[in-house]
Amino acid sequence: MSNVGIWGLIPPILAVYLAVSTKDVFVSLVSGILSGVVIIAVATGQNVLAAFTGLIDLMADKLSDSWNARILLFCVLLGALVGLFNRSGAAYAFGSWAGKFIKRRSSVLFFSWLLGIIFFLDDYFSALSVGSVVRPIADEKRISRAKLAYFTHTTAPTVCVLIPFSSWVVTIISQIRGSEGFSSLGITEMDFFIRMIPYNLYILVSLALLLMVAFSKRDMQPMLISEERAILENKLMNEELYGECPANITQDNENHNAKWFDMMIPLGVLIVACLISFPVSGGFFSPVETAVPFMDAIRDADASKALAYGVCFTLFFTYLYFLLRGIFNISSATSALTEGMKSMMPAVLVLVLAWMIGHVISRPVAEGGVGLPIFIDNILRSVSLPIWLIPISLFVISSLIALATGTSWGTFGIMIPLGIPIAMTLGSAAGLEGESLLTMVILTVSAIVSGAVFGDNGSPISDTTVLSAAGASCPHLEHVATQFPYALIAAVSSGLGILIASFTLTVWPALITSMITVFLIYYCLSRPLPKILGKD
């Protein structure tokens, strides 16, 4: 038995329901995990006690996994770095300095959008770093933490699937290359990926929607409430409604020794260190006899190692730099480090719980899960669809899997090997050949990628959701509630474009239709921000 059938829907539905009704992310995630392990125990003939012991074993497995451990190390040490920035006054000094040049709220949001594109190597790095960099300026302009988290989260995974040199693209290409029938298409996996870029409609529409939000001074209702509180009352987060905020460190506004460059120099070191660490983790700087070419090193890079190397070096550099600058003494620097690490503990716990519920939902029964993706896969294989319905169907199914499991990469691994042979078989049966068949396969894989990224943007249990909220110091559930309407608008608009592309097998009518649709839906459903903003 590989899955528990329709019972596998209970853990994700229960977790989402409790998150909405209780506004307690810990209770909702633990309840979803518990329901899953109980279902598994019953399905496999174990007693309930085995379910509880299995829960503890699952947490230990997630914590002992070396990849997970390095990501947690990155989160905690980046929290320590932010602690140094805030307690030293460097963050406040940077915000005050940048505010002289970035005078409008729309400019701050555009700056966040631009940084999200620049930090394209890895979604974890982008989610945590962009929020940390922009937050002092955003606070100065009374931009809600929810809106900052939305910009941070949307750019993090979307840009990672557009640029050919990111950890996400390596994963996508590996799935494409290993799929049944791909070799018969007569195209390299990198050329295939590059041709996918304009067909990644959800990604392109989401990035365009961010610009609309930045410059239109309009918002959807949940975000509008958060923005009104920030603008009118200077309450940047809604902890009364959504619970405590992770990674919220008090800024020191009294340390006048700190200057704006005291934040920019360590951030520059962090970016360079992480960039260098990616080929390092792939073996580029190994001894001559074992060294690998640069592009192979990028392809084989371990993002968890690269991020851990980069943040460790940066933290060591920043600690010494602040001591030498006379901003801190050893005692106050250590206190700032400790406070920063402590501030990340709620986010780290949520991240571990998100990994656990993702495991319970997505893995087959033999591996301690309910096998929900396998159940959905079996349903799809049993239904015969016309070729023009395949891309949109796989888009919807990928969205549901990613929303339920909180993992884009897991969705890629399930759906791309499934989608390519289905598109080739049904496309050939429909009379497609040559360039037309290749375009249909490209569109199908692009639809899968778009659906997986939409699921990442909308899922409350996605690790990127957790880290984006932490990076922006926004309550986790406030980020989920305020971002989802925008993600849904982008998904509906791109879904319409996917349908058009399935009929025309050309991208421009689909892309133009998607952009017009997202513009119209957004302006019809959004409402203007308070007039107190004046010119901005």
Side-chain angles (χ1 to χ4, degrees), residues 150 153-155 157-159 161-162 195-214 216 218-223 376 380 383 385-404 408 411-412 415-416 418-419 422-423 426-427 430 432 436-459 483-526:
Y150 162 51
H153 189 185
T154 303
T155 53
T158 52
V159 175
V161 300
L162 286 182
R195 289 190 57 175
M196 279 174 52
I197 293 174
Y199 286 96
N200 281 325
L201 297 179
Y202 175 80
I203 284 83
L204 299 174
V205 167
S206 294
L207 292 174
L209 180 57
L210 284 174
L211 294 179
M212 294 180 203
V213 173
S216 68
R218 300 174 67 89
D219 274 309
M220 304 295 291
Q221 186 63 26
M223 186 71 79
I376 296 174
L380 179 63
V383 177
L385 296 173
I387 185 62
W388 60 271
L389 272 179
I390 291 301
I392 189 64
S393 298
L394 296 184
F395 171 75
V396 172
I397 292 169
S398 297
S399 299
L400 293 174
I401 291 175
L403 281 166
S408 294
T411 306
F412 297 152
M415 296 302 295
I416 291 177
L418 171 68
I422 286 178
L426 295 182
L432 299 180
S436 297
L437 180 61
L438 175 60
T439 301
M440 178 55 71
V441 177
I442 289 171
L443 173 60
T444 298
V445 178
S446 300
I448 291 170
V449 171
S450 288
V453 175
F454 164 56
D456 181 279
N457 284 164
S459 176
Q483 167 156 301
F484 189 75
Y486 299 98
L488 186 59
I489 290 172
V492 170
S493 303
S494 57
L496 179 59
I498 289 170
L499 276 174
I500 293 173
S502 299
F503 282 106
T504 64
L505 293 181
T506 55
V507 69
W508 290 112
L511 184 57
I512 292 170
T513 301
S514 295
M515 291 297 182
I516 293 174
T517 302
V518 75
F519 176 84
L520 292 175
I521 296 176
Y522 170 64
Y523 267 84
C524 288
L525 298 182
S526 62

| query | Are the side chain of T513 and the backbone of P509 linked by a donor-acceptor contact shorter than 3.5 Å? | reply | yes
| Backbone of T439 reached by a side-chain donor or acceptor of Y199 within 3.5 Å | no
| said: Quick one, Y150 and L210 - any side-chain contact, counting heavy atoms below 4.5 Å? | reply: yes
| request: Taking all non-hydrogen atoms of both residues into account, name the closest pair between G419 and T444 and its distance. | output: O-CG2, 3.9 Å
| remark: Closest non-hydrogen contact found for P485 with P222 is CG-CG, 4.1 Å
| Flag, side chain of T504 to backbone of T506, donor-acceptor distance under 3.5 Å | yes
| request: Could you grab the distance from atom CG of L418 to atom CD1 of I448, nearest 0.5 Å is fine? | output: 7.0 Å
| Any side-chain heavy atom of S450 within less than 4.5 Å of one from S494? | no
| task | May I ask you to decide if the ring planes of F395 and F454 are parallel, tilted or perpendicular, using 30° and 60° as cut-offs? | result | parallel
| task | Keeping the roles fixed (side chain from S408, backbone from A452), state whether a donor-acceptor pair exists under 3.5 Å. | result | yes
| task | Examine distances only and state if a side-chain atom of S459 and a backbone atom of L403 form a donor-acceptor pair shorter than 3.5 Å. | result | yes
| message | Minimum heavy-atom separation for M415 and S398, please, with both atom names. | response | CG-OG, 3.5 Å
